[in-house]
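Data block below; observations after.
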Amino acid sequence: MERRQFRAPRGIRDVLPEEIPAWRLLEETARGLAHLRGYREIRPALLEEVELFTRSVGEVTDIVQKEMFTLQKGESALALRPEGTAGIVRAYLEAGYASAAPLQRLFHIGPMFRYERPQKGRERMFTQFDVEVLGSLDARLDAEVIFLAAAFFESVAIKVKAPGFRIARGELEVRMNSMGDGDDRNTWKDAVRSFLAPTMAEHCELCRARFERNVLRVLDCKNPRCKELNAGAPAILEYLSAENRAHFERVQEYLRVLGLPVVIDSSIVRGLDYYTRTVFEVHAPALGARSALCGGGRYDHLIAELGGPDLGAVGFAVGFTSTLLLFNELKKIDPKETVFDEGPALVFVVSAGEGLESDVFRLAEDLRKNEISAVYDVEQRSLKAQMKLAGKGGHRYAVVVGGDELARGSVQLKDLEDGTQHELARVELVARLRAGGV
RNA sequence: GUGAGUGUAGCUCAGUCGGUAAGAGCACCAGAUUGUGGUUCUGGGGGUCGGGGGUUCGAAUCCCCUCACUCACCCCA
């Protein structure tokens with residue numbers, strides 16, 4: 001029988017204790033900002049029917065065609081969710097909010113799964129901060145969620161243990177566009193197609209493939225020659241209906257009210273089918289090719305598409321992996337150094353001599369009972385070795401339990417930072433530790 | 001799915017033209033007057049050189065296959 005070393009599946013990583021402070025930084029910041037704006041946390045299912053995603057995300061998208069982790073159990077074809085919106089809308093409808101209380105500000109933090117080749121900033125299991133406002137067409141909500149997305153990055157930055165650290169202007173860029181809706185979107189798409197068709201032979205190979213699969217993708221090709229050929233392509237903004245144009249302008253106006261600068265970027269074409277009208281991305285140019293930290297937009301017909309009334313909705317998702325990457329890239333801070341770093345136990349209980357296991361054990365639990373974190377050695381090490389462990393472990397205090405002291409009803413309390421040590425009555429220990437002195 | 005690169009100790013890596021080189025640093029463990037950490041000194045444990053096959057008197061080193069990881073592309077958080 002061969003013993004083998006198991007590894008986490010490809011593209012899936014463990015978050016180890018060392019990284020937890022950084023993760024809590026992201027999670028707690030997200031929660032705080034969301035709660036301030038009246039968003040409530042929702043935790044939808046991780047598994048959904050495959051069809052939920054083919055219907056919402058779109059049959060011909062990469063996500064559905066090749067990136068879903070699927071399971072077949074009995075009658076049902078299930079998939080680990082590749083994104084959050086579809087499941088949240090499904091839960092919203094299933095809970096009956098659509099008729100009882102249509103306007104719902106919701107958020108969720110949790111893992112998503114996509115079966116693709118892992119690389120920097122891209123994993124098969126990744127965590128997103130999802131924000132969704134369901135049940136309204138009001139342009140203020142577009143601006144509200146865009147602002148919330150931007151606020152997230154700024155807010156994370158200042159909670160890092162680096163005095164005065166801010167995300168500087170230029171390190172982040174909010175780009176937005178409108179994709180129109182229904183008729184104007186289709187006529188625009190057709191216009192783009194007929195504009196490109198004559199020169200398609202001169203485009204790069206990739207673009208020729210894009211032309212077939214998703215024409216709009218041709219527009220943001222980075223190839224210089226393609227860029228030339230794309231110049232003068234029909235802009236969606238010229239095709240917007242009066243209503244959609246007005247909406248787009250209102251969103252910009254509300255963002256001005258909040259003082260958030262955005263750049264209008266007509267090349268932003270979100271990959272999922274359900275987007276309508278406002279689409280936006282938050283980019284960190286410093287990250288180069290993989291610069292999108294956040295993507296979102298309106299999806300005004302998804303609720304109806306999934307069997308509910310025709311209510312508007314808008315939302316976004318922030319990737320935690322890319323956010324962490326950004327903070328590393330900026331090299332100004334270590335995302336692990338955050339206010340959420342709780343550090344090691346305050347006290348290391350040391351035994352000076354043999355046969356004191358029970359006394360050490362009892363003392364440690366006594367401290368814990370009094371809300372003082374404590375640990376102890378379980379290897380029967382020498383006093384010296386225990387002191388070494390206590391020092392290495394970064395504990396603030398060592399409490400030495402010895403035979404002599406035991407007889408006197410006392411212990412030795414040593415401050416490992418300044419090296420001072422005093423003997424004190426056992427009954428005074430908790431009070432002394434709480435007062436923070438030796 | 002496509003392309004490229006890398007696999008040597010727990011970690012980061014060095015190993016020359018194939019020839020007693022299985023190595024360093026860090027980490028770990030134990031000592032340096034018998035109940036006290038961080039610095040220093042000394043000693044020690046630990047590797048089937050990713051796996052399999054081949055060439056050769058001889059392979060960590062050359063060839064083939066395979067697996068894993070990384071990066072990039074498509075696409076995307």
Side-chain angles (χ1 to χ4, degrees), chain A residues 2 4-11 13 26 57-58 60-67 81-85 109-131 149 152 204-207 209-210 213-214 217 220-223 268-272 281-284 287-296 316-326 348 350-354 356 377 379 381-406 412-421 423:
Chain A
E2 168 211 8
R4 70 186 185 94
Q5 190 63 243
F6 286 97
R7 309 176 50 101
R10 159 172 278 199
R13 293 187 328 145
L26 300 180
V57 171
V60 299
T61 56
D62 274 10
I63 288 184
V64 164
Q65 287 191 334
K66 51 182 205 187
E67 295 177 3
R81 60 185 188 189
E83 59 101 48
T85 306
I109 298 168
M112 307 293 162
F113 303 83
R114 291 187 198 172
Y115 187 84
E116 38 181 357
R117 207 68 174 264
Q119 67 185 67
K120 196 180 184 109
R122 186 167 76 183
E123 298 162 308
R124 286 184 173 183
M125 171 176 156
F126 56 98
T127 299
Q128 285 188 335
F129 170 35
D130 251 292
V131 168
F152 173 74
C204 67
E205 200 178 330
L206 243 61
C207 277
R210 289 180 178 123
R213 288 195 47 207
N214 187 349
R217 285 273 159 218
D220 57 8
C221 182
K222 297 149 232 149
N223 182 307
I268 290 188
V269 183
R270 307 249 71 227
L272 315 186
E281 294 174 355
V282 178
H283 282 260
L287 293 184
R290 186 67 191 75
S291 72
L293 297 166
C294 163
F316 67 80
V318 170
F320 274 17
T321 311
S322 36
T323 305
L324 254 16
L325 217 54
L326 170 70
F348 192 102
V350 169
S351 66
E354 289 169 17
L356 298 170
D377 170 58
E379 305 282 332
R381 289 172 218 259
S382 67
L383 173 58
K384 187 189 183 77
Q386 290 179 70
M387 290 304 293
K388 207 167 177 176
L389 262 192
K392 280 257 160 61
H395 306 282
R396 176 69 196 275
Y397 300 105
V399 170
V400 183
V401 176
D404 299 346
E405 288 86 347
L406 220 50
Q412 298 283 345
L413 175 60
K414 179 166 190 173
D415 184 330
L416 293 169
E417 275 175 24
D418 61 23
T420 57
Q421 175 172 335
E423 181 166 349

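Chain A is the first sequence line, chain B the second, and so forth, proteins listed ahead of strands; every chain is numbered from 1. Worth saying up front: this structure is predicted, and the values here are computed from it rather than measured.
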**Spacing of CD belonging to E83(A) relative to CG belonging to L272(A), to within rounding of 0.5 Å** = 6.0 Å
**Complete:** So CZ of F348(A) and CE of M387(A): to nearest 0.5 Å the spacing works out to 9.5 Å
Looking only at atom [atom1], what distance separates [N] and [M], rounded to whole Å?
{"N": "rG35(B)", "M": "rA21(B)", "atom1": "P", "result": "44 Å"}
{"N": "rA60(B)", "M": "rG5(B)", "atom1": "P", "result": "24 Å"}
{"N": "rC74(B)", "M": "rC13(B)", "atom1": "C1'", "result": "35 Å"}
{"N": "rU61(B)", "M": "rG19(B)", "atom1": "P", "result": "11 Å"}
{"N": "rG25(B)", "M": "rA9(B)", "atom1": "P", "result": "16 Å"}
{"N": "rU55(B)", "M": "rC64(B)", "atom1": "P", "result": "15 Å"}
{"N": "rU66(B)", "M": "rG1(B)", "atom1": "P", "result": "14 Å"}

**Message:** What is the separation between atom CZ on F6(A) and atom C1' on rC69(B), rounded to the nearest whole Å?
**Reply:** 19 Å
Any side-chain heavy atom of [X] within less than 4.5 Å of one from [Y]?
{"X": "E67(A)", "Y": "P82(A)", "value": "no"}
{"X": "R13(A)", "Y": "M125(A)", "value": "no"}
{"X": "V350(A)", "Y": "V399(A)", "value": "no"}
{"X": "I109(A)", "Y": "D130(A)", "value": "no"}

Nucleotide nearest [X] (side chain, heavy atoms from C-beta), chosen from [options]:
{"X": "Q119(A)", "options": "rG35(B), rA77(B), rC74(B)", "result": "rC74(B)"}
{"X": "Q412(A)", "options": "rC75(B), rG35(B), rU70(B)", "result": "rG35(B)"}
{"X": "R117(A)", "options": "rU36(B), rC74(B), rG3(B)", "result": "rG3(B)"}
{"X": "K120(A)", "options": "rA77(B), rC74(B), rC71(B)", "result": "rC71(B)"}
{"X": "A385(A)", "options": "rA30(B), rU70(B), rG35(B)", "result": "rA30(B)"}

**Message:** Need the glycosidic conformation of rA27(B): syn if within 90° of 0, anti if not. Which one?
**Reply:** anti
Might you list the N or O atoms of the protein lying below 3.5 Å from N or O atoms in nucleotides 37-45 of chain B, with each pair's distance?
{"residue": "rG37(B)", "atom": "OP1", "partner": "K384(A)", "partner atom": "NZ", "Å": "3.4"}
{"residue": "rG37(B)", "atom": "O4'", "partner": "M387(A)", "partner atom": "O", "Å": "3.4"}
{"residue": "rG37(B)", "atom": "N7", "partner": "K414(A)", "partner atom": "NZ", "Å": "3.1"}
{"residue": "rG37(B)", "atom": "N1", "partner": "L416(A)", "partner atom": "O", "Å": "2.3"}
{"residue": "rG37(B)", "atom": "N2", "partner": "L416(A)", "partner atom": "O", "Å": "2.8"}
{"residue": "rG38(B)", "atom": "N1", "partner": "L416(A)", "partner atom": "O", "Å": "3.4"}
{"residue": "rG38(B)", "atom": "N2", "partner": "L416(A)", "partner atom": "O", "Å": "3.3"}

**Asked** Which class fits the ring pair F129(A) and F316(A): parallel under 30°, tilted 30 to 60°, perpendicular over 60°?
**Response**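 Answer is perpendicular, since the angle exceeds 60°.
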**Asked** Please, what dot-bracket string fits RNA chain B when only Watson-Crick and G-U pairs with both distances under 3.5 Å count, crossing ones use [ ] and pairs to another strand use |?
**Response** (((((((..((((.....[...)))).(((((.......))))).....(((((..]....))))))))))))....
Dump the pairs, protein N or O against N or O of nucleotides 66-68 of chain B, anything under 3.5 Å, distances to one decimal.
none

Which part of the nucleic acid does [X] contact within heavy-atom distance under 4.0 Å: base, sugar-phosphate only, or nothing?
{"X": "E379(A)", "answer": "nothing"}
{"X": "E83(A)", "answer": "nothing"}
{"X": "R381(A)", "answer": "sugar-phosphate"}

**Asked** Is F320(A) stacked on the base of rA77(B), with ring centres under 5.5 Å apart and planes under 30° apart?
**Response** no
**Request:** Run through T127(A), L324(A), V318(A) and flag the one making a side-chain contact (heavy atoms from CB on, under 4.5 Å) with L26(A).
**Result:**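 Checked T127(A), L324(A), V318(A) against L26(A); only one passes side-chain contact (heavy atoms from CB on, under 4.5 Å): L324(A).
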**Asked** With no hydrogens and no angle check, is any side-chain donor or acceptor of D377(A) less than 3.5 Å from a backbone partner on R381(A)?
**Response**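 A pair under 3.5 Å: yes.
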**Asked** Hey, is the main chain of S351(A) close enough, under 3.5 Å, to the side chain of Q386(A) for a donor-acceptor pair?
**Response** yes
**Asked** Passes side chain to side chain contact (heavy atoms under 4.5 Å, CB included), F152(A) versus T323(A)? Steps please.
**Response** CA-CA 10 Å; F152(A) 173 74; T323(A) 305; 4.2 Å; yes
**Asked** What pair of heavy atoms forms the shortest contact from A352(A) to V400(A), and how long is it?
**Response**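 That would be CB-CG1, 3.8 Å.
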**Message:** Is there, by distance only and without an angle test, a donor paired with an acceptor across the side chain of E405(A) and the base of rG35(B) below 3.5 Å?
**Reply:**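 Under the 3.5 Å cut-off, the side chain and the base do form a donor-acceptor pair.
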**Message:** Is there, by distance only and without an angle test, a donor paired with an acceptor across the side chain of E116(A) and the base of rA77(B) below 3.5 Å?
**Reply:** yes
**Asked** Are any of the side-chain nitrogens in R124(A) or E116(A) under 4.0 Å away from the carboxylate oxygens of its partner?
**Response**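 Salt bridge between R124(A) and E116(A), a charged N being under 4.0 Å from a carboxylate O: no.
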**Prompt:** Which residue, R13(A) or L206(A), contacts RNA chain B at a nucleotide closer to its 5' end, judged by nearest heavy atom?
**Reply:** R13(A)
